[in-house]
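A short worksheet on the structure shown next.
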Number of protein chains: 2
Amino acid sequence: MSFLKMVRKLVTSYQSLEKLGSKYIRTLGFTSGQFDVIVTLGNQPPMSCSELAEKTLMVKGNLTVILDGLLKKGLINKTPNPIDGRGIIVSLTEKGEETFVRIFNAHLAYLEPLAKSFSDEELTELINNFDSILRKIDNFNRLDRK
Amino acid sequence: MSFLKMVRKLVTSYQSLEKLGSKYIRTLGFTSGQFDVIVTLGNQPPMSCSELAEKTLMVKGNLTVILDGLLKKGLINKTPNPIDGRGIIVSLTEKGEETFVRIFNAHLAYLEPLAKSFSDEELTELINNFDSILRKIDNFNRLDRK
DNA sequence: TAATATTAGTTCAAGTTTGAACTAATTGTC
DNA sequence: GACAATTAGTTCAAACTTGAACTAATATTA
(Lines give C-alpha, C1' and ligand atoms only; values in the text may rest on other atoms or scores of the structure.)
Protein backbone atom coordinates (compact mmCIF):
# COMPACT_ATOMS: atom_id res chain seq x y z
CA MET A 1 0.00 0.00 0.00
CA SER A 2 2.87 2.38 0.56
CA PHE A 3 3.74 1.92 -3.09
CA LEU A 4 0.78 4.12 -3.91
CA LYS A 5 1.81 6.60 -1.27
CA MET A 6 5.20 6.77 -2.91
CA VAL A 7 3.62 7.24 -6.34
CA ARG A 8 1.36 9.98 -5.05
CA LYS A 9 4.33 11.81 -3.61
CA LEU A 10 6.28 11.41 -6.81
CA VAL A 11 3.35 12.82 -8.73
CA THR A 12 2.96 15.73 -6.34
CA SER A 13 6.68 16.47 -6.45
CA TYR A 14 6.61 16.53 -10.21
CA GLN A 15 3.47 18.63 -10.42
CA SER A 16 4.76 21.18 -7.94
CA LEU A 17 8.03 21.47 -9.79
CA GLU A 18 6.33 21.60 -13.16
CA LYS A 19 3.91 24.28 -12.04
CA LEU A 20 6.75 26.37 -10.75
CA GLY A 21 8.82 25.83 -13.85
CA SER A 22 6.13 26.32 -16.46
CA LYS A 23 4.93 29.54 -14.88
CA TYR A 24 8.39 30.93 -15.35
CA ILE A 25 8.88 29.47 -18.81
CA ARG A 26 5.69 31.21 -19.95
CA THR A 27 7.10 34.54 -18.90
CA LEU A 28 9.95 33.78 -21.29
CA GLY A 29 7.42 33.29 -24.10
CA PHE A 30 7.57 29.52 -24.49
CA THR A 31 5.27 26.62 -23.75
CA SER A 32 6.66 23.74 -21.70
CA GLY A 33 6.67 21.63 -24.82
CA GLN A 34 8.73 24.14 -26.76
CA PHE A 35 11.10 24.57 -23.86
CA ASP A 36 11.47 20.82 -23.59
CA VAL A 37 12.40 20.51 -27.24
CA ILE A 38 14.84 23.40 -27.16
CA VAL A 39 16.60 22.07 -24.09
CA THR A 40 16.74 18.57 -25.52
CA LEU A 41 18.23 19.84 -28.76
CA GLY A 42 20.55 22.23 -26.96
CA ASN A 43 22.45 19.45 -25.27
CA GLN A 44 22.75 17.00 -28.12
CA PRO A 45 23.70 16.69 -31.75
CA PRO A 46 20.83 17.17 -34.25
CA MET A 47 18.36 14.33 -34.22
CA SER A 48 15.30 12.88 -35.92
CA CYS A 49 11.72 13.49 -34.86
CA SER A 50 11.43 9.97 -33.53
CA GLU A 51 14.45 10.43 -31.36
CA LEU A 52 13.18 13.77 -30.14
CA ALA A 53 9.77 12.28 -29.39
CA GLU A 54 11.37 9.46 -27.47
CA LYS A 55 13.57 11.74 -25.41
CA THR A 56 10.78 14.16 -24.57
CA LEU A 57 8.16 11.43 -24.21
CA MET A 58 5.83 13.32 -26.53
CA VAL A 59 3.53 11.71 -29.06
CA LYS A 60 4.64 12.36 -32.59
CA GLY A 61 1.58 14.39 -33.49
CA ASN A 62 2.28 16.86 -30.76
CA LEU A 63 5.93 17.07 -31.67
CA THR A 64 5.05 18.09 -35.22
CA VAL A 65 2.94 20.95 -33.88
CA ILE A 66 5.66 22.09 -31.51
CA LEU A 67 8.31 21.95 -34.22
CA ASP A 68 6.03 24.03 -36.46
CA GLY A 69 5.91 26.67 -33.76
CA LEU A 70 9.67 26.68 -33.30
CA LEU A 71 10.16 26.77 -37.07
CA LYS A 72 7.96 29.86 -37.30
CA LYS A 73 10.05 31.49 -34.60
CA GLY A 74 13.17 30.66 -36.59
CA LEU A 75 14.67 28.58 -33.81
CA ILE A 76 15.07 25.24 -35.57
CA ASN A 77 15.94 23.80 -38.97
CA LYS A 78 14.35 20.78 -40.51
CA THR A 79 16.60 19.18 -43.09
CA PRO A 80 15.94 15.94 -44.97
CA ASN A 81 17.77 12.95 -43.57
CA PRO A 82 20.31 11.97 -46.24
CA ILE A 83 20.33 8.36 -45.07
CA ASP A 84 16.58 7.86 -44.74
CA GLY A 85 14.26 9.53 -47.22
CA ARG A 86 11.32 9.29 -44.84
CA GLY A 87 13.00 11.17 -42.09
CA ILE A 88 14.16 14.66 -41.23
CA ILE A 89 16.88 15.97 -38.98
CA VAL A 90 16.02 18.68 -36.51
CA SER A 91 18.68 21.11 -35.36
CA LEU A 92 18.80 24.45 -33.60
CA THR A 93 19.49 27.50 -35.75
CA GLU A 94 22.01 30.03 -34.52
CA LYS A 95 19.13 31.99 -33.07
CA GLY A 96 17.90 28.76 -31.53
CA GLU A 97 21.27 28.14 -29.89
CA GLU A 98 21.31 31.64 -28.49
CA THR A 99 17.79 31.17 -27.22
CA PHE A 100 18.75 27.88 -25.65
CA VAL A 101 21.64 29.41 -23.74
CA ARG A 102 19.58 32.38 -22.70
CA ILE A 103 16.49 30.60 -21.43
CA PHE A 104 18.43 27.73 -19.97
CA ASN A 105 20.53 30.08 -17.91
CA ALA A 106 17.57 32.22 -16.98
CA HIS A 107 15.73 29.15 -15.84
CA LEU A 108 18.74 28.00 -13.89
CA ALA A 109 19.13 31.36 -12.21
CA TYR A 110 15.48 31.40 -11.32
CA LEU A 111 15.71 27.97 -9.72
CA GLU A 112 19.04 28.60 -8.05
CA PRO A 113 17.65 29.12 -4.55
CA LEU A 114 15.90 25.78 -4.86
CA ALA A 115 18.97 24.07 -6.31
CA LYS A 116 21.14 25.35 -3.49
CA SER A 117 18.89 23.78 -0.90
CA PHE A 118 20.02 20.33 -2.04
CA SER A 119 23.39 19.00 -0.94
CA ASP A 120 25.52 16.98 -3.34
CA GLU A 121 24.90 13.84 -1.31
CA GLU A 122 21.17 14.36 -1.45
CA LEU A 123 21.26 14.86 -5.19
CA THR A 124 23.32 11.73 -5.70
CA GLU A 125 20.91 9.74 -3.60
CA LEU A 126 17.91 11.14 -5.44
CA ILE A 127 19.43 10.41 -8.81
CA ASN A 128 20.06 6.83 -7.74
CA ASN A 129 16.49 6.60 -6.51
CA PHE A 130 15.11 7.75 -9.82
CA ASP A 131 17.37 5.44 -11.76
CA SER A 132 16.05 2.57 -9.74
CA ILE A 133 12.45 3.64 -10.32
CA LEU A 134 13.08 3.99 -14.03
CA ARG A 135 14.67 0.55 -14.23
CA LYS A 136 11.67 -0.98 -12.53
CA ILE A 137 9.22 0.76 -14.80
CA ASP A 138 11.23 -0.46 -17.76
CA ASN A 139 11.00 -4.01 -16.50
CA PHE A 140 7.30 -3.65 -15.94
CA ASN A 141 6.78 -2.35 -19.45
CA ARG A 142 8.71 -5.26 -20.85
CA LEU A 143 6.53 -7.73 -18.96
CA ASP A 144 3.36 -5.82 -19.82
CA ARG A 145 4.06 -5.89 -23.52
CA LYS A 146 4.26 -9.66 -23.59
CA MET B 1 24.52 21.08 -12.21
CA SER B 2 23.39 17.71 -10.91
CA PHE B 3 20.32 19.46 -9.59
CA LEU B 4 19.09 19.62 -13.16
CA LYS B 5 20.03 16.03 -13.74
CA MET B 6 17.94 15.10 -10.74
CA VAL B 7 15.03 17.18 -12.02
CA ARG B 8 15.25 15.60 -15.45
CA LYS B 9 15.12 12.16 -13.89
CA LEU B 10 12.22 13.14 -11.70
CA VAL B 11 10.38 14.37 -14.76
CA THR B 12 11.15 11.23 -16.72
CA SER B 13 10.09 9.00 -13.84
CA TYR B 14 6.84 10.85 -13.53
CA GLN B 15 6.16 10.86 -17.24
CA SER B 16 6.88 7.16 -17.60
CA LEU B 17 4.64 6.33 -14.70
CA GLU B 18 1.92 8.68 -15.89
CA LYS B 19 2.02 7.28 -19.40
CA LEU B 20 1.70 3.78 -18.08
CA GLY B 21 -1.07 4.74 -15.68
CA SER B 22 -3.12 6.93 -17.99
CA LYS B 23 -3.09 4.36 -20.76
CA TYR B 24 -4.72 1.95 -18.39
CA ILE B 25 -7.09 4.49 -16.89
CA ARG B 26 -8.39 5.27 -20.37
CA THR B 27 -9.28 1.65 -20.90
CA LEU B 28 -11.45 2.03 -17.78
CA GLY B 29 -13.25 4.95 -19.42
CA PHE B 30 -11.80 7.84 -17.44
CA THR B 31 -9.42 10.69 -18.09
CA SER B 32 -6.50 11.18 -15.70
CA GLY B 33 -8.25 14.26 -14.35
CA GLN B 34 -11.41 12.36 -13.59
CA PHE B 35 -9.48 9.52 -12.04
CA ASP B 36 -7.55 11.99 -9.92
CA VAL B 37 -10.72 13.55 -8.60
CA ILE B 38 -12.41 10.23 -7.88
CA VAL B 39 -9.40 8.88 -6.04
CA THR B 40 -9.01 12.09 -4.06
CA LEU B 41 -12.66 12.04 -3.05
CA GLY B 42 -12.60 8.31 -2.39
CA ASN B 43 -10.12 8.62 0.42
CA GLN B 44 -11.47 11.68 2.15
CA PRO B 45 -14.64 13.22 3.52
CA PRO B 46 -16.58 15.44 1.07
CA MET B 47 -14.84 18.68 0.30
CA SER B 48 -15.13 22.01 -1.45
CA CYS B 49 -13.93 22.74 -4.97
CA SER B 50 -11.10 24.83 -3.63
CA GLU B 51 -9.90 22.00 -1.46
CA LEU B 52 -10.20 19.57 -4.33
CA ALA B 53 -8.32 21.91 -6.62
CA GLU B 54 -5.58 22.29 -4.07
CA LYS B 55 -5.20 18.57 -3.50
CA THR B 56 -5.18 17.70 -7.19
CA LEU B 57 -3.17 20.78 -8.19
CA MET B 58 -5.69 21.64 -10.87
CA VAL B 59 -6.78 25.13 -11.79
CA LYS B 60 -10.34 25.85 -10.78
CA GLY B 61 -11.59 26.25 -14.33
CA ASN B 62 -10.47 22.77 -15.22
CA LEU B 63 -11.93 21.31 -12.06
CA THR B 64 -15.36 22.70 -12.97
CA VAL B 65 -15.19 20.93 -16.32
CA ILE B 66 -14.10 17.65 -14.76
CA LEU B 67 -16.80 17.82 -12.11
CA ASP B 68 -19.36 18.45 -14.85
CA GLY B 69 -18.26 15.25 -16.54
CA LEU B 70 -18.45 13.24 -13.33
CA LEU B 71 -21.84 14.77 -12.56
CA LYS B 72 -23.15 13.67 -15.93
CA LYS B 73 -21.91 10.16 -15.19
CA GLY B 74 -23.75 10.27 -11.88
CA LEU B 75 -20.58 9.74 -9.86
CA ILE B 76 -20.59 12.86 -7.70
CA ASN B 77 -23.01 15.15 -5.90
CA LYS B 78 -22.68 18.90 -5.65
CA THR B 79 -24.53 20.25 -2.65
CA PRO B 80 -24.53 23.85 -1.46
CA ASN B 81 -22.21 24.50 1.45
CA PRO B 82 -24.49 25.33 4.40
CA ILE B 83 -21.78 27.40 6.07
CA ASP B 84 -20.66 29.38 3.03
CA GLY B 85 -23.24 30.46 0.47
CA ARG B 86 -20.61 30.86 -2.23
CA GLY B 87 -19.34 27.33 -1.97
CA ILE B 88 -20.42 23.81 -2.75
CA ILE B 89 -19.50 20.47 -1.26
CA VAL B 90 -18.49 17.70 -3.59
CA SER B 91 -19.05 14.10 -2.58
CA LEU B 92 -19.12 10.73 -4.30
CA THR B 93 -22.54 9.20 -4.95
CA GLU B 94 -23.05 5.56 -4.13
CA LYS B 95 -22.27 4.76 -7.73
CA GLY B 96 -19.21 6.97 -7.37
CA GLU B 97 -18.04 5.04 -4.33
CA GLU B 98 -18.48 1.76 -6.16
CA THR B 99 -16.61 3.14 -9.10
CA PHE B 100 -13.83 4.35 -6.85
CA VAL B 101 -13.39 0.94 -5.27
CA ARG B 102 -13.56 -0.78 -8.62
CA ILE B 103 -11.11 1.35 -10.57
CA PHE B 104 -8.82 1.82 -7.63
CA ASN B 105 -8.49 -1.92 -7.17
CA ALA B 106 -8.23 -2.54 -10.88
CA HIS B 107 -5.48 0.03 -11.11
CA LEU B 108 -3.74 -1.53 -8.15
CA ALA B 109 -3.95 -4.99 -9.63
CA TYR B 110 -2.59 -3.75 -12.90
CA LEU B 111 0.37 -2.13 -11.20
CA GLU B 112 0.98 -4.97 -8.79
CA PRO B 113 3.99 -6.42 -10.60
CA LEU B 114 5.58 -3.00 -10.45
CA ALA B 115 4.62 -2.47 -6.81
CA LYS B 116 6.11 -5.80 -5.83
CA SER B 117 9.46 -4.86 -7.28
CA PHE B 118 9.91 -2.30 -4.49
CA SER B 119 10.92 -3.44 -1.03
CA ASP B 120 9.41 -1.78 2.03
CA GLU B 121 12.75 -0.20 2.86
CA GLU B 122 13.03 1.27 -0.62
CA LEU B 123 9.54 2.68 -0.43
CA THR B 124 10.19 4.26 2.94
CA GLU B 125 13.37 5.83 1.66
CA LEU B 126 11.65 7.12 -1.46
CA ILE B 127 8.78 8.58 0.50
CA ASN B 128 11.19 10.37 2.82
CA ASN B 129 13.11 11.71 -0.11
CA PHE B 130 10.02 13.00 -1.84
CA ASP B 131 8.89 14.63 1.37
CA SER B 132 12.20 16.40 1.49
CA ILE B 133 11.82 17.58 -2.12
CA LEU B 134 8.31 18.82 -1.40
CA ARG B 135 9.47 20.72 1.66
CA LYS B 136 12.17 22.43 -0.35
CA ILE B 137 9.78 23.39 -3.12
CA ASP B 138 7.44 24.78 -0.50
CA ASN B 139 10.21 26.90 0.93
CA PHE B 140 11.15 28.11 -2.51
CA ASN B 141 7.57 29.08 -3.26
CA ARG B 142 7.40 31.00 -0.03
CA LEU B 143 10.55 32.92 -0.87
CA ASP B 144 9.45 33.45 -4.46
CA ARG B 145 6.15 34.95 -3.45
CA LYS B 146 7.80 37.69 -1.43
C1' DT C 1 -23.53 49.38 8.47
C1' DA C 2 -21.83 50.84 4.03
C1' DA C 3 -17.96 50.51 1.10
C1' DT C 4 -14.25 47.79 -0.29
C1' DA C 5 -11.53 43.76 -0.70
C1' DT C 6 -11.32 38.97 -0.92
C1' DT C 7 -12.89 34.34 -1.99
C1' DA C 8 -15.84 30.44 -4.33
C1' DG C 9 -17.07 28.74 -8.35
C1' DT C 10 -18.35 29.29 -13.49
C1' DT C 11 -17.74 30.55 -18.22
C1' DC C 12 -15.41 30.96 -22.35
C1' DA C 13 -11.92 31.60 -25.85
C1' DA C 14 -7.41 30.41 -27.02
C1' DG C 15 -3.93 27.20 -26.82
C1' DT C 16 -2.22 22.43 -26.13
C1' DT C 17 -2.35 17.44 -26.40
C1' DT C 18 -3.90 13.06 -27.92
C1' DG C 19 -4.74 9.29 -30.94
C1' DA C 20 -6.09 7.53 -35.14
C1' DA C 21 -5.91 7.73 -40.02
C1' DC C 22 -2.93 8.96 -43.66
C1' DT C 23 1.23 9.41 -47.15
C1' DA C 24 5.63 8.19 -48.33
C1' DA C 25 9.84 5.71 -47.81
C1' DT C 26 12.35 1.64 -46.24
C1' DT C 27 13.09 -3.11 -44.72
C1' DG C 28 12.28 -7.93 -44.83
C1' DT C 29 11.02 -12.16 -47.17
C1' DC C 30 9.96 -15.23 -50.54
C1' DG D 1 13.10 -7.80 -57.48
C1' DA D 2 8.19 -7.62 -56.08
C1' DC D 3 4.99 -7.66 -52.18
C1' DA D 4 3.88 -7.21 -47.53
C1' DA D 5 5.12 -5.29 -43.19
C1' DT D 6 7.24 -1.69 -40.73
C1' DT D 7 8.71 2.99 -39.79
C1' DA D 8 8.96 8.39 -40.29
C1' DG D 9 6.49 12.17 -40.11
C1' DT D 10 1.96 14.87 -40.93
C1' DT D 11 -2.84 15.99 -40.49
C1' DC D 12 -6.98 16.68 -38.21
C1' DA D 13 -10.86 16.35 -35.09
C1' DA D 14 -11.96 15.65 -30.47
C1' DA D 15 -10.68 16.20 -25.86
C1' DC D 16 -8.28 18.59 -22.31
C1' DT D 17 -6.17 22.58 -19.97
C1' DT D 18 -5.26 27.27 -19.00
C1' DG D 19 -6.03 31.86 -17.53
C1' DA D 20 -8.65 35.82 -17.42
C1' DA D 21 -13.05 37.88 -16.87
C1' DC D 22 -17.26 37.30 -14.54
C1' DT D 23 -21.16 36.62 -10.80
C1' DA D 24 -22.29 36.00 -6.28
C1' DA D 25 -21.30 35.69 -1.46
C1' DT D 26 -18.50 36.63 2.55
C1' DA D 27 -14.85 39.29 5.26
C1' DT D 28 -12.82 43.42 6.49
C1' DT D 29 -12.63 48.20 7.77
C1' DA D 30 -13.59 52.47 8.96
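Just so we're on the same page: letters track the sequence lines, and every chain starts at 1. Being a predicted model, the structure only gives us computed values, none of them experimental. Only this structure's heavy atoms are used, side chains among them; waters, hydrogens and symmetry mates stay out.
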Problem - B:Glu122/A:Lys136 salt bridge by N-O under 4.0 Å criterion - result: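 Salt bridge between A:Lys136 and B:Glu122, a charged N being under 4.0 Å from a carboxylate O: yes.
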
To the nearest angstrom, how far is [X] atom [atom1] from [N] atom [atom2]?
X	N	atom1	atom2	answer
B:Ile25	D:dA15	CD1	C1'	16 Å
B:Leu52	C:dG9	CG	P	9 Å
A:Asp84	D:dT6	CG	P	17 Å
A:Asp68	D:dT10	CG	C1'	9 Å
B:Lys60	D:dC22	NZ	P	15 Å
A:Ile83	C:dA25	CD1	P	17 Å
B:Ile88	C:dA8	CD1	C1'	9 Å

If you restrict it to nitrogen or oxygen atoms, what contacts under 3.5 Å exist between nucleotides 12-18 of chain C and the protein, and what is each distance?
{"unit_1": "C:dT17", "atom_1": "OP2", "unit_2": "A:Asn62", "atom_2": "OD1", "d": "3.4"}

Exercise for the section: Please work out whether the ring planes of B:Tyr110 and A:Phe140 are parallel, tilted or perpendicular, with thresholds of 30° and 60°. Expected result: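 Taking A:Phe140 first and then B:Tyr110, their aromatic rings stand perpendicular (interplane angle over 60°).
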
Exercise for the section: Keeping the roles fixed (side chain from A:Ser22, backbone from A:Ser32), state whether a donor-acceptor pair exists under 3.5 Å. Expected result: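 No.
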
Handout entry: side chain to side chain contact (heavy atoms under 4.5 Å, CB included) partner of A:Phe3, chosen from B:Leu114, B:Leu126, B:Leu108
Key =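 The passing option is B:Leu114.
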
Problem - Verify same cluster id: A:Leu71, A:Leu75 (apolar side-chain graph, 4.5 Å) - result: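 Same cluster.
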
Problem - Any N/O donor-acceptor pair, A:Arg86 side-chain to C:dT26 base, under 3.5 Å - result: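 Result: no qualifying N/O pair found.
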
Handout entry: B:Lys73 to B:Phe30 six-membered ring, cation-pi geometry met (6.0 Å, 45°)
Key =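 Here B:Lys73 passes the 6.0 Å and 45° test against B:Phe30.
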
Handout entry: Closest-nucleotide 5' rank along DNA chain D - winner of A:Ser22 and A:Lys78
Key =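 So the residue in question is A:Lys78.
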
Handout entry: Side-chain N or O of B:Ser50 closer than 4.0 Å to phosphate OP1/OP2 of C:dG9
Key =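 Checking B:Ser50 against C:dG9: at least one side-chain N or O falls below 4.0 Å of OP1 or OP2.
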
Exercise for the section: May I ask you to say what B:Lys19 touches in the nucleic acid, namely base, sugar-phosphate or nothing, with a heavy-atom cut-off under 4.0 Å? Expected result: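 Contact class for B:Lys19: none.
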
